[in-house]
Amino acid sequence: MPRPLRSAYPAPHSAPLSLMSAERKTLEERAQMSDLERLRHSCAHIMATAILRIWPDAQFAYGPPVENGFYYDFDMKHRLTPDDFEKIEAEMKKIAKENQRFEKKVISREEAIALAKSGRLGGLSERPGNESRFKLDLIDKIPAGEEISCFQNGDFIDLCAGPHVGYTSKCKNVKLTSVSSSFYMGDESKGQLQRLYGTAFESKEELEAHFVRLEEAKKRDHRRLGKELKLFHIDEDVGQGLILWTPNGATLRQELQTFISEELRKQGYSQVFTPHIGKLALYKTSGHFPYYKDAQFPAIMEPDQLEQIAHEGCSCAEMTARIDACSAQFAAQMNERTGREMIGKERIMDAEKLLDGFLLKPMNCPHHIKIFASQPRSYRDLPVRLAEFGTVYRWEQSGELNGMTRVRGFTQDDAHLFCTEDQVAAEVLGCLSLVKVVLNTLGMSDYRVRVGLRDPDSGKYTGSPEQWDRAEAACREAAKTLGVPFSEEPGEAAFYGPKIDFVIKDVIGREWQLGTVQVDYQLPIRFDLSYTGADNKPHRPVMIHRAPFGSMERFTGVLIEHFAGHFPTWLAPEQVRILTISEKVDTFANEVFEQLKAAGLRVTLNNEADKIGAKIRLAQLDKVPYMLVLGEKEAAAQSVAVRHSKKGDLGVKPVAQFLEEITAEVKERRL
RNA sequence: GCCGAAGUAGCUCAGCGGUAGAGCAGCGCAUUCGUAAUGCGCGGGUCGCGGGUUCGAUUCCCGCCUUCGGCUCCA
């Protein structure tokens, strides 16, 4: 059960540098704040000061610096809207002008609690009846023996470990960016706070440059380019998070799939096809149902059964229970195989009461496992490498959906490798080299590798420690051969085995988790897989899940932004556009058009009555890599004037020469 | 799912109690032109959906849907 393909990528306001994670930052870690972070953190205090001057009842929680600025979480009666920004910013500028000093004071726990009780912490003055409730909680979380300090600027005193800039005058170049809601401690049950985001820089120029960068990022947003270049469409009537690949996008995807398929063939994979649905029992065996039920489309019931339960007047809750349940025999089998209570007594039900149905497949592994199990396997057959562009469906929360990068139906460039324990290391290596080929071909050289290991203190992992040691060593060794930086992260393994994730950085510095390779000891047990060894005895194979792209949807989304829509010729939906200067060259233009088409190029002809400047402009906007300008001069010389969308005018060449050059460029998948 | 914002022509957006407007795109005609916009003309909208208030609603109110920014989640 891979946990592939979709882990979060940082949004524009990415995770705060502290406090969101379960572990608190140590004082030493805090002291390492960069100058810019320090500045931004001070801005958060100034923002709080400004808010309090306008709304004195506000109660503050956290105000950390984040990747692109800072925020402060707080609760107050007034609901902020962007209309309030101007007022708050004006007050912040005033505070900067007042040039207040940031003063640190170390206080005792008792003093801290007393200040918080009086409403003084995170306030401009004592506020009877309005105690600093979040600060009280924060004080409570500070480990005994750790220094407790507060920072004061002007009248504002806040519980804070610092560090800060010296004076508020440093914080002039600041801008509020957005307001949203958040949960206290990221915990839904702890109530909702307002979160106000801002950004700040040392100089005015840097601040302005930041907003220019944001504009640039907007221009390469895959949702915008997807529309402009007609790559994909999402239609309300089809459903949220369901991608319709329009012809241009489909061409792009097809090229990517062809590319991957070629590499798979080289590496000894077999491609398979499997259906989009599978019986519930399959997912009970794999363990994904009902464990991940909330993230799946509901089961599809068989018509006869549906009619019967309707006839019986079965309640919804009852029906759900009957769908979720397993027979005693099934439970006993599974619990024995896995050596633990995988299926508890509460899920066991009489066989005749059980309801079966189908599930839109949330992952491809069970189907591939069944292909592996469909015939007896010998150690001589291993490794068996089954690959499929398999479409899966997951019920993502509506608020999570985002263009192509977070969707409800997506196609994984999935594969499952079944091998012997001894082969794991070599197979992991093979998977990594495939990912590397893919990323290199696409010019994504800026990536890091994350090796997820088990947390030795946690009991959630299955399998023997010896197995884990071997698998982790294999992953570590494999990662070393990549020649790129990698980090080992204990506790980041899936419960069934260690994994290696590729986190790529796009041109504007955002990180995306795409490809993944995961070693799995668990599913072979659950499905009771075996092969015959050289000793003529049954052995348990090891499974490797891997997906170099992650999903076609997400990868394409990232690729659109990576190239800002300017795809390399081999990927470009339209590779060449012929532009005629006048009707007089129509015949020649048609000849060239037919010639390029016959060579397998994706070429179009614009022989409308427009001026050449207008035709070039349109082709540029459509980001067509090659424009061939044809006039009477070219027709006479059987040549083409080549213009490249990024490199500009490349001069006049004989048709045959252009054809040869572009064919080679496409064949070699040049960037 | 939660908080907030937004949905007007294919796209980008204006209008905001008296049943709609621009630019681009599209279509037609003229122009035959040398590296990012030739001119003129025409068509196109149950103003996201459903209710309510009103003599009258795109405009005000309520509900829903979708999108966006966050939160939470991601086998």
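Chain letters run A, B, ... following the sequence lines, proteins first, then strands; residues in each count from 1. Predicted model only: the values in this text are computed from it and were never measured.
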- Query: If we take the C1' atom in both B:C61 and B:U53, what is their distance in whole Å?
  - Reply: 7 Å
- NZ/A:K175: more than 12 non-hydrogen atoms of other groups inside 6.0 Å: no
- Query: With no angle test and no hydrogens, is the base of B:C73 tied to the side chain of A:R406 by a donor-acceptor pair under 3.5 Å?
  - Reply: yes
- Message: Heavy atoms within less than 4.0 Å of RNA chain B: which residues of residues 227-238 of chain A have one? Give them sorted by number.
- Response: A:K227, A:E236
- Query: If only side-chain N and O atoms of A:N402 are considered, is one of them under 4.0 Å from the OP1 or OP2 phosphate oxygen of B:G69?
  - Reply: yes
- Does A:Y71 have A:R195 sitting over its ring (NZ/CZ under 6.0 Å from centre, angle to axis within 45°)? yes
- Message: When the P atoms of B:C49 and B:U66 are compared, how many Å lie between them, rounded to an integer?
- Response: 15 Å
List, one per line, each side-chain donor-acceptor pair under 3.5 Å for residues 626-640 of chain A, sequence neighbours excluded.
unit_1: A:Y626; atom_1: OH; unit_2: A:E665; atom_2: OE1; d: 2.6
unit_1: A:E634; atom_1: OE1; unit_2: A:G631; atom_2: N; d: 2.8

- Task: Report the residue (A:S398 or A:K584) whose heavy-atom-nearest nucleotide on RNA chain B is the more 5′ of the two.
- Result: A:S398
- Task: If a protein heavy atom is under 4.0 Å from the base, mark B; if only from the sugar-phosphate, S; if neither, -; do that for nucleotides 34-40 of chain B going 5' to 3'.
- Result: BBBBB--
- Query: Checking A:N248 side chain against A:L229 main chain: does a donor-acceptor pair fall under 3.5 Å?
  - Reply: yes
- Message: Rounding to an integer number of angstrom, what distance separates B:C47 and B:U59 when you compare their P atoms?
- Response: 10 Å
- Within residues 228-248 of chain A or reaching into it, pairs that qualify as salt bridge (Lys or Arg N to Asp or Glu O under 4.0 Å) - sequence neighbours excluded: A:R224-A:E228
- Which stems does RNA chain B form, counting runs of 3 or more consecutive Watson-Crick or G-U wobble pairs with both distances under 3.5 Å? B:1-7 with B:65-71, B:10-13 with B:21-24, B:26-30 with B:38-42, B:48-52 with B:60-64
- Item | Results of side chain to side chain contact (heavy atoms under 4.5 Å, CB included) for A:A48 - residues two or more places apart only | A:F60, A:Y72, A:F156
- SB check A:E216 A:R213 (cutoff 4.0 Å): no
- Message: Suppose we call a contact any N or O donor and acceptor under 3.5 Å apart; does that hold for the side chain of A:Q240 and the base of B:U66?
- Response: no
- For B:C71 versus B:G63, give the span between their P atoms, rounded off to a whole number of Å. 26 Å
- Nearest-Å distance once atom P is located in both B:G52 and B:U58: 14 Å
